[in-house]
There are 2 protein chains.
Amino acid sequence: MISARRTEETRVSDSTVRRLSGYYRVLGELLEQGENTVSSYQLALRSGSTPAQVRKDLSFFGQFGKRGTGYDVVQLLAEIRSILGLDRRWKVCLVGAGNLAHALFTHKEFEREGFVIEAVLDNDPAKIGQRWSHLAVETVEHLARVVRERQLVIGIIATPAAAAQDVADHLVSAGIQGVLNFAPRKLSVPPKVSLRNVNLAIELEGLSFALK
Amino acid sequence: MISARRTEETRVSDSTVRRLSGYYRVLGELLEQGENTVSSYQLALRSGSTPAQVRKDLSFFGQFGKRGTGYDVVQLLAEIRSILGLDRRWKVCLVGAGNLAHALFTHKEFEREGFVIEAVLDNDPAKIGQRWSHLAVETVEHLARVVRERQLVIGIIATPAAAAQDVADHLVSAGIQGVLNFAPRKLSVPPKVSLRNVNLAIELEGLSFALK
DNA sequence: TGTTGTGAAGGCGTTCACAGCC
DNA sequence: GGCTGTGAACGCCTTCACAACA
């Protein structure tokens, strides 16, 4: 396998990374279907992109295809897995133990991709101590210690909006490297910490706007 | 209140609509805090945008500010509510009755903004008949009829990936106008149907990429 | 022939900068 | 003086188009 490494200092856009996730998913399906090779055209068709876009996206990371043939499914899958960092384990801290957190916790896909939730915390006494599978819900007062001691690198914030920035501050000071925020509030984190936001209301509002 | 209506045929970008949602949230907070006016600078600071961007975004829909003063909080809130279509009720159909669907169902924010879930459907006999608040989970076999009879306009797909396209097809043929898809699969819908995707795995993969 | 890889062109969203107005 | 509204400049992402090559 050719090492998937950027040779240039070109900044890869967020859109490109998101599309890589899409290609990754399609390649998994193609593998299950027993396909050996795939063209940029097919990959585009099944992932909702365009052939040129597929080739351009991949070109940021190397030359993975064969002219006249296309891409080897197994090889490209491995390349993208490596590019996206899915070939390792990511220790995750889940803050908030509400319905959304529980849905995320029970979601099998994450664990399959290497995202392993190793702590669940909340500030509700009624929830603290609850067993969630092999974990017990802990008090959010222990957040910083838990993150440090278990060396958790990604924090998922699934708390009410009012608590989100405070939680983020504690995560950051404890050394968290990435934050996935579900609270509908703009968070401030230092530039070295990666931040992604998922705001369900924004998506519904986007639909509402389009339907008007 | 000046009517919020686009005078030009300029296509408003998706980014602009998403930012409007952010401004909307900040304005709500400002209102609670008793602020009467707000400048593009403050709005940008609190929503994670830039002053020029705020003004440009708003300019697509009208002229809502006063030079030298800024924007009236109450008025701008009403304008954006109208622009985003949050001044009406949207009847929503929730397909899939798993943990994620339940989290969405119990989320109070949606109802507050006018998104009212009026049907929950699943194909699991063990779930059909379950009471979810004032609703009962119905069989997905009745999907088309339910959408038509209750005149539901937005469908939320919270099913496994394998079922998603089939559900989307039924929703579309029953006359649904917008789809919010949580299944990790690219959906095909006719151009007249609005489609938004929320893919939690993509967000985690984006973090993973950034942390590598 | 078929398909990739990629420089160049194109298009679109963001930022600038300033005229206009309160 | 302060802040908005907006045409113009800018920069980035996407698309094109074709040379390279299996």
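The chains referred to below are lettered A, B, ... by the order of the sequence lines, with proteins before strands, and numbering in each begins at 1. What you see below is based on every heavy atom in this structure, not just the backbone, and it leaves out hydrogens, waters and symmetry mates.
Looking only at side-chain heavy atoms (C-beta outward), A:F60 and A:S13 stay at 4.5 Å or farther from each other.
A salt bridge links B:E118 with B:R89: the closest approach of a Lys/Arg side-chain nitrogen to an acidic carboxylate oxygen falls below 4.0 angstrom. Between A:R196 and A:D14 there is a salt bridge, since at least one side-chain N of the basic residue sits less than 4.0 Å from a carboxylate O of the acidic one.
Along DNA chain D, the nucleotide nearest B:S59 and the nucleotide nearest A:S15 are compared for position; the residue whose nucleotide lies closer to the 5' end is B:S59. Take the nearest nucleotide of DNA chain C for A:K56 and for A:G68: the residue whose nucleotide is more 5' is A:G68. Summary of the strand contacts: A:Q53 and B:T69 both lie near DNA chain D, and taking for each the nucleotide with the nearest heavy atom, the more 5' one is attributed to B:T69. When each of A:A52 and B:T16 is assigned the nucleotide of DNA chain C with its nearest heavy atom, A:A52 is the one assigned upstream, toward the 5' end.
Nucleotide C:dG13 holds its C1' atom 10 Å from the CG atom of B:D57, rounded to whole Å. The CZ-C1' distance, from A:F61 to C:dT6, rounds to 16 Å in whole Å. Nucleotide C:dA17 holds its P atom 13 Å from the CZ atom of B:R55, rounded to whole Å. Put simply, CG on B:L43 is 13 Å from C1' on D:dT4, counting in whole angstrom units. At whole-Å resolution of the value, CZ in A:R18 and P in D:dT14 are 12 Å apart. As rounded to whole Å, 8 Å separates atom P of D:dT14 from atom CZ of A:F60. The nearest whole Å value for the distance from the CG atom in A:L76 to the P atom in C:dT3 is 16 Å. In this entry the distance linking CG of B:L58 with P of C:dG13 reads 17 Å, nearest Å.
The two atoms that bring B:A119 and B:L121 nearest to each other are CB-CD1, 4.1 Å, heavy atoms only.
No donor-acceptor distance shorter than 3.5 angstrom exists from the side chain of B:S47 to the backbone of B:G22, with no hydrogens or angles considered.
When the side-chain nitrogen and oxygen atoms of A:Q63 are compared with OP1 and OP2 of C:dT6, one or more of them lie within a distance under 4.0 Å. For the OP1/OP2 pair of C:dT3 and a distance below 4.0 Å, the side-chain nitrogens and oxygens of A:S40 include no atom meeting the criterion. Side-chain nitrogen and oxygen atoms of A:Y71 include at least one within less than 4.0 Å of the OP1 or OP2 phosphate oxygen of C:dG5.
Taking only distance into account, the side chain of B:K66 never meets the base of D:dG2 through a donor-acceptor pair shorter than 3.5 Å. Side-chain N/O atoms of A:R67 and base N/O atoms of C:dT3 include no donor-acceptor pair closer than 3.5 Å.
Listed candidates were C:dT15, D:dC13, C:dG13. Nearest to the side chain of B:T50 is C:dT15.
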